[in-house]
Each structure stands twice: as structure tokens, then as C-alpha cells.
Amino acid sequence: MADILRVEGLSFRYPDSPKSAVSDFELSIPEGEIVVLAGPSGCGKSTLLRAVNGLIPHMYGGEYSGDVLVAGSSVKSSNMRDLAQTVGFLFQNPENQIFMFSVERDVAFGLENLGVPREEMRARVDEALRLLRIGDLAQRAPHELSDGQKQRVALAGVLAMRPKLVILDEPTSLLDPKTASELVALVAKLRGELGTTFVVVEHRLDLLVEVADRLVVMDGGRKVLEGTPMDVLFDNEAEAHGVAIPAVAKVQRLLAEREAGKAAAAKLLTPSALALAVEGRLT
Ligand SMILES: Nc1ncnc2c1ncn2[C@@H]1O[C@H](COP(=O)(O)OP(=O)(O)O)[C@@H](O)[C@H]1O
Ligand SMILES: [Mg+2]
């Protein structure tokens with residue numbers, strides 16, 4: 001399948017900054033994947049995302065080299081309006097993207113800006129509300145909602161634009177564990193129903209490893225590891241780059257240290273895999 005995102009030798013340095021925030025970055029993402037981007041604070045994750053949604057170089061000055069292609073078009077030579085129809089972006093704090101009088105109008109906001117005809121707007125807003133299971137909130141004022149509900153409203157507004165690629169920058173950071181795991185389940189559902197590609201910056205890897213196809217680890221502006229979550233998280237370097245290893249993988253390591261035979265052979269990442277191993281079905 002065609003790559004929805006290609007990052008080709010991207011380097012970017014903010015003005016007045018002594019070093020590049022992103023250096024010599026290469027990445028190819030086929031359509032329909034769920035990709036998690038991890039790495040220590042300040043390693044350049046948000047900067048990379050800005051180079052995908054076009055804020056870099058369109059809104060930020062700085063030294064830019066290399067290229068980013070979204071659905072085959074170069075971000076630096078696309079305009080923001082066209083890009084916004086291919087790339088949806090969910091900010092870390094949903095307060096930054098909800099502001100209107102009702103949930104429904106909020107979700108319609110991007111479509112109104114594009115001048116989408118009324119009928120179609122209605123259909124797309126209803127679909128987004130349904131997908132996020134917030135139809136019952138349609139007439140509510142966004143500022144009265146919980147953080148988890150606001151996050152859904154903001155995501156509904158993004159999805160109503162029907163972007164091929166959705167970027168989420170630390171989407172669970174304001175959410176309690178239950179709402180966070182609901183959001184992760186929702187990402188998997190949307191990928192299944194709409195074929196949307198997701199790039200998610202996330203620290204709660206224990207949640208994301210259940211649904212991610214690929215894990216990319218950055219450090220110091222560079223890509224240091226890339227592969228399936230299994231391959232990356234069982235690479236001894238991952239922890240050295242500040243990646244939080246899921247609890248189940250740690251349990252497996254302890255087992256392996258104690259009993260070098262059977263347990264060491266099994267790679268376990270998720271609670272369900274651990275349960276199977278305990279039942280003796282995986283070793
Ligand atoms: N608007 C900005 N102006 C100047 N420097 C910035 C700006 N945003 C981020 N940086 C710097 O770029 C580097 C990468 O930051 P960022 O992409 O926000 O990392 P992360 O999202 O991984 O925490 C850091 O050194 C940070 O201080
Ligand atoms: Mg960031």
C-alpha cells in the first residue's frame with residue numbers, strides 16, 4: 001500500500017537555538033497503520049509532528065532541510081488549508097481546539113470554514129458524534145464537559161474533516177486511566193472502520209502496545225529505534241532511551257532471570273499474553 005507519510009532526511013532548527021530539534025529523520029508509514037512515537041521529553045516529538053501538519057515551516061521560522069510528504073505532496077509546498085483536509089491534529093490540551101456554543105457547532109467548525117454544503121456537513125457531524133459516542137452531548141456547552149468528553153469533542157471535530165492521517169500529541173496526558181484506555185480502544189476502532197492512519201505520541205505504552213503496529217523511538221532529535229512494539233521493547237536499548245517498558249514485559253524479564261529455560265524464550269507484552277503463558281499455552 002502507498003505510504004501516507006514519508007519523512008525524508010528532515011532536519012529542523014528553531015531560530016536562536018544552538019542545535020537542531022530534529023536531525024536527519026527518515027520515516028515511511030503505510031496507510032492504515034497505528035504508529036507510536038516515544039522518547040524522552042525534549043527529544044523532538046512535537047517538532048516532528050509540527051513538520052507533518054505544516055506548522056513547520058509555515059508558521060515557525062527556522063532552518064529546514066529535507067522533505068516531508070503527506071499522501072505524496074510535499075508539506076512545505078502545500079498550503080495549510082489543503083493540508084488540513086489530509087492531516088488532522090489533536091492538540092495535547094483540547095481547550096486549544098474547542099470554543100463554540102455547543103458540541104455540535106464545535107464539531108462542525110472546521111467544515112464551516114471549508115464551506116462544506118449544509119447537508120453534507122450535517123451527515124459528517126452526525127457520523128463523528130456517533131463514532132465517538134457523544135451524540136447525547138450534541139447540545140451541551142463544551143466548557144461544561146469533563147476532560148475526557150472534551151477530548152472526544154475535539155477528536156470528533158478532527159474526524160469530521162475525514163483526514164487520512166490523524167496525529168495525536170500525548171492524547172491521554174489529561175485523562176484518567178479508564179478514559180485513557182477508552183481513547184486507545186477508539187483509535188483502534190476508527191482505524192478498523194475508516195482505515196485512518198494514526199501517529200500517536202504517547203507515554204502510556206502499556207495501553208498502546210495492544211493496538212500499535214509500529215513503535216518509533218526518538219532521542220536527541222534522531223530516530224534511534226523502530227520496529228514492532230515487541231521488537232523495540234525487547235531491545236535492551238529501549239530503556240536507555242527513556243522508554244517506559246510495560247509492566248508485563250518487566251515481569252517476563254524477571255521470570256527469564258530466574259528460570260533461564262522456558263520462560264526466557266517467550267516474549268510477553270500484554271496482560272493477555274501473560275495470562276496465556278501462565279496457563280502454559282505460550283511456552
Ligand atoms: N517554539 C520553540 N522555539 C524554540 N525551541 C523549541 C520550540 N519548541 C521546542 N523547542 C526545543 O526543541 C527541542 C525539541 O522539543 P519538542 O519537539 O517540544 O520535544 P518533545 O515533544 O519530544 O518533548 C527542545 O530542545 C525544545 O526546547
Ligand atoms: Mg511534546
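Read the numbers this way: they start at 1 and go in the same order the structure lists the ligands and their atoms. Numbers here simply count residues along the sequence, with the first being 1.
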Looking at every heavy atom in both L111 and A160, which two are closest together, and how far apart are they?
CD2-O, 3.4 Å
List every atom of ligand 1 that sits less than 4.0 Å from any heavy atom of R50, numbering the atoms from 1 in the order shown and giving each element.
8 (N)
More than 12 foreign heavy atoms under 6.0 Å from CD of E193: is that the case here?
yes
Protein heavy-atom partner closest to atom 18 (O) of ligand 1 - residue, atom, separation in Å:
S46 CB, 3.8 Å
Is any side-chain heavy atom of V87 closer than 4.5 Å to one of P163?
no
Suppose we only count N/O/S atoms under 2.8 Å; would S46 qualify as near the Mg ion (ligand 2)?
yes
Does CZ in R162 sit with more than 12 non-hydrogen atoms of other residues, nucleotides or ligands closer than 6.0 Å?
yes
Is the shortest distance from atom 7 (C) of ligand 1 to a protein heavy atom below 4.0 Å?
yes
State, with a plain yes or no, whether a side-chain heavy atom of D206 is found less than 4.5 Å away from one of I245.
no
Which of the ligand 1 atoms, numbered from 1, are nearer than 4.0 Å to a heavy atom of Y60:
1 (N)
Closest approach of any protein heavy atom to atom 5 (N) of ligand 1, naming residue and atom:
Y14 CD1, 3.3 Å
Under 4.0 Å from a heavy atom of S41: give me the atoms of ligand 1 that qualify, with their elements.
23 (O)
Could you identify the single nearest non-hydrogen protein atom to atom 14 (C) of ligand 1 and state the distance to 0.1 Å?
G42 O, 3.4 Å
State, with a plain yes or no, whether a side-chain heavy atom of V36 is found less than 4.5 Å away from one of R214.
no
With nothing but distance in play, are any N or O atoms of C43 less than 3.5 Å from an N or O of ligand 1?
yes
Counting non-hydrogen protein atoms only, what is the nearest one to atom 19 (O) of ligand 1? Give residue, atom name and distance.
G44 N, 3.2 Å
Just by distance, with hydrogens left out, do Y64 and S11 show a side-chain donor and acceptor under 3.5 Å apart?
no
Numbering the atoms of ligand 1 from 1, which are under 4.0 Å from a heavy atom of T47?
14 (C), 15 (O), 16 (P), 17 (O)
